[in-house]
There are 2 protein chains.
Amino acid sequence: MPHQDTPLVLERLLRLRDRREPLVAQIAEWVGSGIIEGRLQPGQDLNSVELSNRFETSRTPVREALMLLEQEGLVEMKARRRPRVASPSLQDIRDIYQVRRQLLAMLAGLLVERATEDELTELRGRVESMRDLADKEDVDAYFWSHVQLQERMTEIVGNTTLKQILDSLALRTLMLRHLSLTRTGRLAYSVDDQERLIQAYEERDGELASALIAGATVRALRAVEEQLEQDTARTRPPGRAKRGRTS
Amino acid sequence: MPHQDTPLVLERLLRLRDRREPLVAQIAEWVGSGIIEGRLQPGQDLNSVELSNRFETSRTPVREALMLLEQEGLVEMKARRRPRVASPSLQDIRDIYQVRRQLLAMLAGLLVERATEDELTELRGRVESMRDLADKEDVDAYFWSHVQLQERMTEIVGNTTLKQILDSLALRTLMLRHLSLTRTGRLAYSVDDQERLIQAYEERDGELASALIAGATVRALRAVEEQLEQDTARTRPPGRAKRGRTS
DNA sequence: GCGTACGCTAGTGTCGACACTGTCAAGACG
DNA sequence: CGTCTTGACAGTGTCGACACTAGCGTACGC
């Protein structure tokens, strides 16, 4: 049940507008959203012939779209080998969250310095509507609002390099979202974190904001880890290991 | 006078090994090193036909190589327009250094936590040989040693996400290197900074290390800014403005 | 029965051709 | 004399074809 804004947000996150032909953009959006929504499983082959048939194009634009997604960490490509949906290891995931924590803390600090009062009230408005979505347990809508909130914050801060990196990291974590926010109760915790954050911004307390971000990120990672353990515990015993010898 | 290790380091920074065909790698290395060494000027057109002639290939691998460099911020591509060598604005440069400062501080903190004594002595050895290069005013060799030092540090820390981002940022700053380290005296300052850093690592003082990194990065940015001002002051009056209205 | 060598096939990387579009210059028009 | 239109050309995006290779099943040797 993908949220209807998915393709639009993806288009922005991948910076497709004006940077790529519509054809490439279309393919990248389809594959990218497929990975994020779980329609395409980690490790699955992304046969470029099949994709070109599906979109009734040649393989050239398909290759280009896959290369785009590779750079965002959603797809793994090795020369002469079939592209696959990325399947990050637990260590990879930890690394990503660690960097993300640092950069989000940086974002918070800059936001406290630079955001106007009007911008802060706008952010508060966003968080309040996220509270509604969390109450309705509308996971998809909540998640995309979350992404858009971060997008808006990076926009306010105005550091394009930071924005691009955070967007890329957001995409990587996005493909884990069914592992984190779907856990019951996570949504409520998450929105609580956001509210506290906004308050710290309004009080212009950069230290507090950074600390809150760090805490929230750690909790998000922990949720992902727990979910991952459950998943492997559920799928491993039957012997359906994706790869690696079962010895 | 490019340093002889340039292509090898570039190959690692661009993660070309096994990820791309040798043909693509070759083109990416040539163009990438050209940009870094100043053989290709910012804003210059990167005609894919001309490049394909130069390498006696079709345009397909050329396009792929250019896309690779685009993702590293060395090349700018817009759909249906000729690819150009990136010409970052002053604001872009400031943004890059700001993010880089933050991530290098993170790197320093992790290094203090995780590096073994042996690894630290290895790093010290590298810095000492950099001191020699600085004394000889061998700017190119110094610069590539600097890059390799950072590479090694990210390797020791072992966070691949952090490594990739820092590599990418290093490439972007690399194309500004003739703007920063060529300034007389900069080399000596830079190596001083590195020595103080190593000492902080050895004393396991993460706070100090982060602070030193931040200071060093700020100084590097300032050097770039001053050089940029001189350049524009020298080239603008004749009326060779690249773009933007002179009002 | 187990491991290895061989051959087939699906899929990748590269190519040259073609249609379309941005770009620049010469000419038309005021 | 300056501005706008027009047209040619250069360069891009896409295509279908081809050579080559990785992956896999089969047959063979042991």
Side-chain angles (χ1 to χ4, degrees), chain A residues 11 14-31 40-41 43-71 75-87 241-247, chain B residues 11 14-31 40-41 43-71 74-87 240-245:
Chain A
E11 187 192 4
L14 294 172
R15 304 194 301 287
L16 291 170
R17 166 95 65 218
D18 288 333
R19 211 176 130 221
R20 294 286 179 247
E21 292 288 302
L23 193 47
V24 174
Q26 189 191 349
I27 300 171
E29 278 169 26
W30 188 87
V31 177
L40 301 170
Q41 292 296 318
Q44 181 174 341
D45 281 5
L46 290 171
N47 186 329
S48 72
V49 180
E50 188 191 317
L51 283 171
S52 65
N53 287 338
R54 177 183 298 273
F55 288 93
E56 294 177 346
T57 66
S58 77
R59 278 170 42 236
T60 313
V62 173
R63 268 177 70 78
E64 203 170 318
L66 290 179
M67 286 181 62
L68 259 173
L69 295 172
E70 185 204 14
Q71 107 181 62
V75 168
E76 290 170 353
M77 291 177 86
K78 280 199 168 185
R80 298 261 169 206
R81 290 196 164 64
R82 293 202 278 284
R84 304 161 155 278
V85 177
S87 64
K242 249 195 341 262
R243 58 184 189 191
R245 52 206 68 237
T246 337
S247 71
Chain B
E11 188 193 2
L14 295 172
R15 305 195 301 287
L16 290 170
R17 166 96 65 219
D18 288 331
R19 213 176 128 221
R20 294 283 179 249
E21 292 289 303
L23 193 48
V24 174
Q26 189 190 350
I27 301 170
E29 277 169 25
W30 188 87
V31 177
L40 302 170
Q41 292 297 316
Q44 182 174 338
D45 280 5
L46 290 171
N47 186 330
S48 70
V49 179
E50 188 191 318
L51 283 171
S52 64
N53 287 337
R54 178 183 296 275
F55 288 92
E56 293 176 346
T57 65
S58 76
R59 280 169 42 235
T60 314
V62 173
R63 268 177 69 77
E64 201 170 318
L66 291 179
M67 285 182 63
L68 257 173
L69 295 171
E70 185 205 15
Q71 103 181 63
L74 298 186
V75 167
E76 290 169 354
M77 292 178 86
K78 279 198 169 187
R80 299 257 170 208
R81 284 187 170 69
R82 293 204 278 283
R84 302 159 156 279
V85 178
S87 65
R240 271 276 190 88
K242 247 192 344 255
R243 61 184 187 188
R245 52 205 70 238

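Just so it is clear: chains get the letters A, B, ... in the order the sequence lines come, proteins before strands, and each one is counted from 1. Since the structure is predicted, the reported quantities are computational estimates derived from the model, not experimental observations.
- A heavy-atom distance below 4.5 Å is found between the side chains of B:Leu69 and B:Leu14.
- For the residue pair A:Ser48 / A:Arg59, a side-chain donor-acceptor distance below 3.5 Å is found, with atom types taken as modelled.
- Spacing between atom CZ of A:Arg84 and atom P of D:dG23 amounts to 9 Å, rounded to whole angstrom units.
- A residue-by-residue look at A:Arg80 and A:Thr60 shows that A:Thr60 has its nearest nucleotide of DNA chain D further toward the 5' end.
- When each of A:Ala79 and A:Val24 is assigned the nucleotide of DNA chain D bearing its nearest heavy atom, the one mapping closer to the 5' terminus is A:Val24.
- As a whole-Å value, the separation of B:Met77 CE from C:dG22 C1' is 15 Å.
- Nucleic acid contact class of A:Pro83 (heavy atoms, under 4.0 Å, all strands): sugar-phosphate only.
- To the nearest 0.5 Å, the span separating CZ on B:Arg54 from CG on B:Asn47 amounts to 11.0 Å.
- Listed candidates were D:dA22, C:dT12, D:dC15. Nearest to the side chain of A:Arg81 is D:dA22.
- Between the CD atom in A:Glu29 and the CD atom in A:Glu11 there is a gap of 5.5 Å [rounded to 0.5 Å].
- B:Arg59 comes within 4.0 angstrom of a base, heavy atoms only.
- Rounded to whole angstrom, the span from the CD atom of B:Glu56 across to the P atom of C:dC15 amounts to 10 Å.
- Between A:Ser48 and the phosphate of C:dT12, there is a side-chain N or O to OP1/OP2 separation shorter than 4.0 Å.
- Whole-Å rounding puts the B:Asp45 CG to D:dG11 P distance at 8 Å.
- Looking at B:Arg84 and B:Val75, their side chains never come closer than 4.5 Å, going by heavy atoms from C-beta outward.
- Going from atom CZ of B:Arg82 over to atom P of C:dT23 covers 7 Å, rounded to whole Å.
- B:Asp18 places its CG atom 16 Å from the P atom of D:dT21, with the value rounded to the nearest Å.
- Separating the CG atom of B:Leu23 from the P atom of D:dC20 is a distance of 15 Å, rounded to the nearest angstrom.
- Among the nucleotides C:dC15, D:dC15, D:dG11, the one closest to any side-chain atom of B:Pro61 is C:dC15.
- Across the protein-nucleic acid pair, B:Asn53 atom CG and D:dA10 atom P stand 13 Å apart, rounded to whole Å.
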